[in-house]
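Written out below as structure tokens is the structure these notes cover.
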Amino acid sequence: MPRFLLGLGLGSGTACLTYAITTDGELTAVLGISVAVLIWFGAFILDDLL
């Protein structure tokens with residue numbers, strides 16, 4: 001659950017910051033979702049690499 005909340009928070013923060021700078025909705029969505037998904041699955045990716 002903490003990893004989910006961290007991904008949700010950082011993804012939302014990234015999306016808000018991107019939208020504040022660029023005002024491009026598509027770019028905002030792509031970056032926000034990408035950050036959230038990378039954090040959620042980061043443990044699985046790192047375990048496979050290490």
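When a residue number appears, it is its place in the shown sequence, counting from 1.
Qualifying side-chain contact (heavy atoms from CB on, under 4.5 Å) partners for Thr18, counting only residues two or more places apart in sequence or in other chains: Thr14, Thr22, Leu27, Thr28, Leu31. For Leu6, the side-chain contact (heavy atoms from CB on, under 4.5 Å) partners two or more places apart in sequence, or in a different chain, are Leu10, Ile39.
The heavy-atom pair separating Phe4 from Trp40 by the smallest distance is O-NE1, 3.1 Å. Shown here for Ala15 and Gly32, the closest heavy-atom pair between the two residues is CB-CA, 4.1 Å.
Side-chain contacts under 4.5 Å among hydrophobic residues (ILVMFWY), followed directly or transitively, place Val30 with no other residue at all.
Separating the OG atom in Ser12 from the CD1 atom in Ile33 is a distance of 10.5 Å, to the nearest 0.5 Å.
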